[in-house]
Amino acid sequence: MNATPIMMSDRQLEWELPSRGHVAMFALIAAEAAIFAIFVVAYIFYLGKSLTGPMPKDVLAVPIFYTICLLSSSVTIHLAAHALRRGNIADFRAWWFGTIVLGAAFLYGTAHEWHRLIYQEGLTISTNLFGTTYYSLVGLHGFHVIVGLICLSAVMAFTLFGDVQQQHTYRIDVLSLYWHFVDVVWIVVFAVVYIIGR
């Protein structure tokens, strides 16, 4: 057999390192996803193993409205980043504020549900296995929403002072990844707690 030589052009192959911000955010998301996976598996493993009530079907109400609020915030943050990319600061400010409002509405819904579960249904973190795993999983997600809202609010404050401009689009995109992650995790938590777990 004769080998056919392959000629390569003199042009150098260009390769750039991925951006540090994206790499760092994806690393954080991977680590957080592993933590959430552990909590989800624990919730599923202990599902139905509580010796005393209340049980999920007895006390949980499906938070459809607040879920729509949170998932809609992924759309608004995307539109905000798109507006900033075009240099439209006014639209960016409006969409960003909308994201904060929707995230805060979701957080209010979680707090309202917890208040009802604790004071009306008598379900606390120490009531039974369901209470322990429920508050741990939903609380972990709620903590991530709080962290996200703090970051979004800080950006909003910078925006109001005129410190956010088109050249900051990259940083907004990186922060948006975290918020999208929080929304995707809620889809999993919602499915496990309010659909499969009931």
Side-chain angles (χ1 to χ4, degrees), residues 21-78 81 99-153 173-198:
H22 282 102
V23 170
M25 185 55 72
F26 282 125
L28 175 67
I29 287 172
E32 294 297 314
I35 293 170
F36 271 106
I38 293 167
F39 278 71
V40 167
V41 168
Y43 185 89
I44 293 171
F45 180 79
Y46 288 113
L47 195 60
K49 295 186 178 178
S50 295
L51 300 177
T52 59
M55 300 301 176
K57 62 182 173 53
D58 301 326
V59 296
L60 290 183
V62 182
I64 294 174
F65 174 74
Y66 296 112
T67 296
I68 291 171
C69 286
L70 186 64
L71 298 183
S72 297
S73 70
S74 264
V75 176
T76 58
I77 201 169
H78 173 75
T99 305
I100 293 171
V101 169
L102 290 168
F106 172 81
L107 205 57
Y108 167 80
T110 301
H112 181 71
E113 179 180 42
W114 283 24
H115 184 272
R116 179 184 63 81
L117 290 173
I118 293 169
Y119 294 104
Q120 294 178 19
E121 305 294 346
L123 180 70
T124 66
I125 198 166
S126 59
T127 300
N128 55 18
L129 281 172
F130 162 58
T132 301
T133 54
Y134 167 80
Y135 285 112
S136 298
L137 178 57
V138 176
L140 180 65
H141 180 264
F143 171 76
H144 283 76
V145 173
I146 291 170
V147 170
L149 284 175
I150 290 170
C151 294
L152 294 177
S153 299
D173 286 340
V174 171
L175 180 55
S176 297
L177 288 174
Y178 175 84
W179 193 255
H180 291 309
F181 167 72
V182 168
D183 286 2
V184 169
V185 166
W186 178 249
I187 294 172
V188 175
V189 172
F190 180 86
V192 167
V193 173
Y194 297 99
I195 297 175
I196 298 170
R198 294 185 78 212

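- For the side chain to side chain contact (heavy atoms under 4.5 Å, CB included) with Trp179, the lone residue among Thr76, Leu152, Val184 that qualifies is Leu152.
- Interatomic distance, CG of Asp183 versus CZ of Phe106, reported as 8.5 Å (0.5 Å rounding).
- By the 6.0 Å contact criterion, NE2 on His78 is open, its count of non-hydrogen atoms from other residues, nucleotides or ligands being 12 or less.
- You'll find the side chain of Thr132 stays beyond 4.5 Å of the side chain of Tyr46, heavy atoms only.
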Any chance you could lay out the side-chain hydrogen bond (donor to acceptor under 3.5 Å, both in side chains) test for Thr133 and Ser136, step after step, and finish with the verdict? CA-CA 5 Å; Thr133 54; Ser136 298; over 6 Å; no
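- In this structure, the side chains of Leu71 and Ile187 come closer than 4.5 Å at one or more pairs of heavy atoms.
- Within the model, atoms CG of Leu123 and CG of Asn128 stand 6.0 Å from one another, a figure rounded to the nearest 0.5 Å.
- Smallest separation of non-hydrogen atoms from Glu121 and Pro54: O-CG, 4.1 Å.
- A donor-acceptor pair under 3.5 Å is absent between the side-chain atoms of Thr124 and the main chain of Ile118, judged by distance alone.
- At a threshold of 4.5 Å between non-hydrogen side-chain atoms, the residues Asp173 and Leu177 do not count as touching.
- At least one donor-acceptor pair under 3.5 Å links the side chain of Arg116 to the backbone N or O of Val59.
- For the pair Ile146/Leu149, no side-chain contact is recorded, criterion being any heavy-atom separation below 4.5 Å from C-beta on.
- For an aromatic pair to be called close, the ring centres must be under 6.0 Å apart, and Tyr66 with His112 fails this.
- Interatomic distance, CG of Leu102 versus OG of Ser74, reported as 10.0 Å (0.5 Å rounding).
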Hey, mind stepping through Leu28 and Glu32 against side-chain contact (heavy atoms from CB on, under 4.5 Å) and telling me if it holds? CA-CA 6 Å; Leu28 175 67; Glu32 294 297 314; 4.0 Å; yes
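- When side chains are defined from C-beta on, Trp186 does not count as touching Phe181, because their heavy atoms never get closer than 4.5 Å.
- Shown here are the ring pair (Phe, Tyr, Trp, His ring centres under 6.0 Å) partners of Phe39, two or more places apart in sequence or in another chain: there are none.
- Shortest non-hydrogen contact noted between Ser176 and Ala81 is OG-CB, 4.4 Å.
- Under the 4.5 Å side-chain criterion, counting only non-hydrogen atoms from C-beta, His144 is not in contact with Val147.
- Relative ring orientation between Phe130 and Tyr43 is described as perpendicular, the plane-to-plane angle rising above 60° on a 0-90° scale split at 30° and 60°.
- Using a 4.5 Å cut-off on side-chain heavy atoms (C-beta onward), Thr67 and Tyr194 make no contact.
- With a 4.5 Å cut-off on side-chain heavy atoms, Glu113 and Leu60 count as touching.
- Separating the CD1 atom in Ile196 from the CG atom in Leu47 is a distance of 9.0 Å, to the nearest 0.5 Å.
- Thr127 and Gly53 get closest at one heavy-atom pair: CG2-O, 3.7 Å.
- Remark: Leu117 CG to Tyr135 OH distance equals 4.5 Å, nearest 0.5 Å.
- Interatomic distance, Leu107 CG to Ile100 CD1, rounded to the nearest 0.5 Å: 13.0 Å.
- Summarising the geometry of Leu70 relative to His141, their closest heavy-atom pair is CD2-CE1, 3.7 Å, with the distance given to 0.1 Å.
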